[in-house]
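Below is one structure, written out as structure tokens, with a few remarks after it.
By convention in this document, chain letters (A, B, ...) are assigned in the order of the sequence lines, proteins followed by strands, and residues within each chain are numbered from 1.
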Protein chains: 2
Amino acid sequence: MATQAERTAQTTERLLDATIATLIERGYAGTSLPFVCRRAEMSRGAQQHHYPTKESLVAAAVRRLFEQRLTEFQGRLASTPAGVLDLSDAAEFMWRVYTGNTFYAWLELVVASRTDPTLREVIAPVDALLVTRAEKMCQRFLLPFVTDPNEVTATTRLILSIFDGLAMHRILSRDDAEARRALRIATRQGLFTVKGRDA
Amino acid sequence: MATQAERTAQTTERLLDATIATLIERGYAGTSLPFVCRRAEMSRGAQQHHYPTKESLVAAAVRRLFEQRLTEFQGRLASTPAGVLDLSDAAEFMWRVYTGNTFYAWLELVVASRTDPTLREVIAPVDALLVTRAEKMCQRFLLPFVTDPNEVTATTRLILSIFDGLAMHRILSRDDAEARRALRIATRQGLFTVKGRDA
DNA sequence: AAACAAACAGTCAAGACTGATTGTTTTTAT
DNA sequence: ATAAAAACAATCAGTCTTGACTGTTTGTTT
């Protein structure tokens, strides 16, 4: 019926989605191959065929997750003209992205990569790419008047760190109102703007 | 020779230190009981006697780690008179704390607790206590003129999130200079101060 | 010093995971 | 139509972990 290319695409997609879902639900350590295969309703052999080792499966999942996160980040900002951006609105949008699940899947990978060199080699360059894209967005919307590249990079890192940190805290304290208050303080203090512009 | 209380104290200390060291070196998933025992140069039986289950060992390690982190946080600020605090100095101190190992041990526990309810029950209250202490310090040094408790809480969370986030990024990109630039931007933007005070 | 309790040592059984192997079905190319 | 290749299925061997169990040493109490 289906061509082989289609079958492959469908199977690998199911497999990668199951991997990411498991990452979210059970964490990196809990993401075992038998469990992922059960979730994807697929035999171990099928998985073995497409991804011979766990490492190769995870590597592919990292790339897929990267695309998902990037899409989420760009979801709202892509259609916004450069320079015209309501700040608290943007913060609200970003917060919604960060309270989604892809952040936690990414977090699992990053934290696991700290003590797993091979995973680190896979995720580090992809993360760097994600940060670069974030920088470009920041440059376009938040920091159009800043010319020093170092400044842009550092400010982007600060902004990402705030969201990462707040989302991390959300693991233990699910108080969204407080996180929003923290974000309001950050925007009010003009953190997301530099020299000559304000919220 | 040694009294039993001393023996117990020494053994549990060795065990908990080995647990924390393993947490740092191999992550939560890699912290197996045989490995911890080898590291502590101790038999499985000894560990079994003092901490019958893995959960009980980890719970004790959490409490010990809490004390270590709290000590680090207070290390410099305790001797500083309230109100007189050089801001970039304080940020530098905090950054040194966060680039230490206890943060990463804590990170492992927090991230693992996301998908491990029993661990979460152990670490959530301890983390809440840590945040409360941080709030008190912030109130004393950074926000003495702020009266709204919500404001203090939210600002503290923002500050902690920045350090948490920056330290997390450090896992993949070890560029300390950039992190320091980000911190400088945060302080320069008056993020760590509220109304009426500046850096 | 004798009896008791705590601390410590070593081993085992059940279960889980990864990578490998062998066999079966489905698609493709000649 | 048929051989080759890709996709899929099922099972196995080896290693690891946790909790449990039995025995030994060390400290305490009376």
Side-chain angles (χ1 to χ4, degrees), chain A residues 1-19 21-23 25-62 108-109 112-113 115-119 122, chain B residues 1-19 21-23 25-62 108-109 112-113 115-119 122:
Chain A
M1 272 302 128
T3 168
Q4 280 198 343
E6 283 168 350
R7 293 213 303 170
T8 300
Q10 214 227 345
T11 303
T12 54
E13 186 180 359
R14 257 198 307 155
L15 207 42
L16 296 183
D17 283 346
T19 304
T22 305
L23 222 43
E25 225 178 83
R26 311 194 15 166
Y28 185 76
T31 301
S32 71
L33 297 176
F35 189 90
V36 170
C37 289
R38 276 197 300 274
R39 168 162 232 148
E41 292 173 34
M42 174 180 312
S43 70
R44 285 254 8 243
Q47 165 260 307
Q48 196 84 255
H49 175 69
H50 294 285
Y51 301 102
T53 70
K54 183 177 181 179
E55 189 192 334
S56 63
L57 173 65
V58 170
V62 164
E108 290 288 340
L109 293 168
S113 77
T115 52
D116 183 335
T118 71
L119 177 58
V122 172
Chain B
M1 271 301 124
T3 167
Q4 281 197 347
E6 282 170 350
R7 292 213 304 171
T8 300
Q10 213 227 348
T11 303
T12 55
E13 187 180 358
R14 257 198 308 157
L15 207 41
L16 295 183
D17 284 346
T19 304
T22 306
L23 223 44
E25 225 178 83
R26 310 194 17 164
Y28 184 76
T31 301
S32 71
L33 298 175
F35 189 89
V36 170
C37 289
R38 277 197 299 274
R39 168 161 233 148
E41 291 172 35
M42 177 180 309
S43 70
R44 274 295 262 109
Q47 166 261 308
Q48 197 82 248
H49 175 69
H50 293 286
Y51 301 103
T53 71
K54 183 176 183 181
E55 190 193 334
S56 62
L57 173 66
V58 170
V62 164
E108 291 288 339
L109 293 169
S113 78
T115 51
D116 184 335
T118 70
L119 177 58
V122 172

Interatomic distance where CD belongs to B:E6 and P belongs to C:dA7 [whole Å]: 13 Å
Residue pairs passing the salt bridge (Lys or Arg N to Asp or Glu O under 4.0 Å) test where at least one lies in residues 40-57 of chain A, sequence neighbours excluded: none
Residues two or more places apart in sequence or in another chain: which of them pass side chain to side chain donor-acceptor pair (under 3.5 Å) with B:T118? B:D116
Apply side chain to side chain contact (heavy atoms under 4.5 Å, CB included) to B:E13 and list each qualifying residue two or more places apart in sequence or on a separate chain. B:D17, B:R64
Round to a whole Å and report the spacing from CD of A:Q10 to C1' of C:dT26. 15 Å
Residue pairs passing the salt bridge (Lys or Arg N to Asp or Glu O under 4.0 Å) test with at least one member in residues 31-40 of chain B, sequence neighbours excluded, are B:E25-B:R39
Under the rule for side chain to side chain contact (heavy atoms under 4.5 Å, CB included), what residues qualify as partners of A:T8, not counting sequence neighbours? A:T12, A:H50
Could you tell me whether the side chain of B:R14 and the main chain of B:A40 form a donor-acceptor pair under 3.5 Å? yes
Do any N or O atoms from the side chain of A:E108 and from the backbone of A:Y28 form a donor-acceptor pair under 3.5 angstrom? yes
Do any N or O atoms of the protein come closer than 3.5 Å to N or O atoms of nucleotides 14-17 of chain D, and which pairs are they?
from	atom 1	to	atom 2	distance (Å)
D:dT17	OP1	B:S32	OG	3.0

Would you mind classifying the nucleic acid contact of B:Q48 as base, sugar-phosphate or nothing, using non-hydrogen atoms under 4.0 angstrom? base
So, is A:T3 near the phosphate of C:dT28, with a side-chain N or O under 4.0 Å from OP1 or OP2? yes
For nucleotides 2-9 of chain D, 5' to 3', base contacts (B), sugar-phosphate-only contacts (S) and non-contacts (-) with protein non-hydrogen atoms under 4.0 Å give ----SBSB
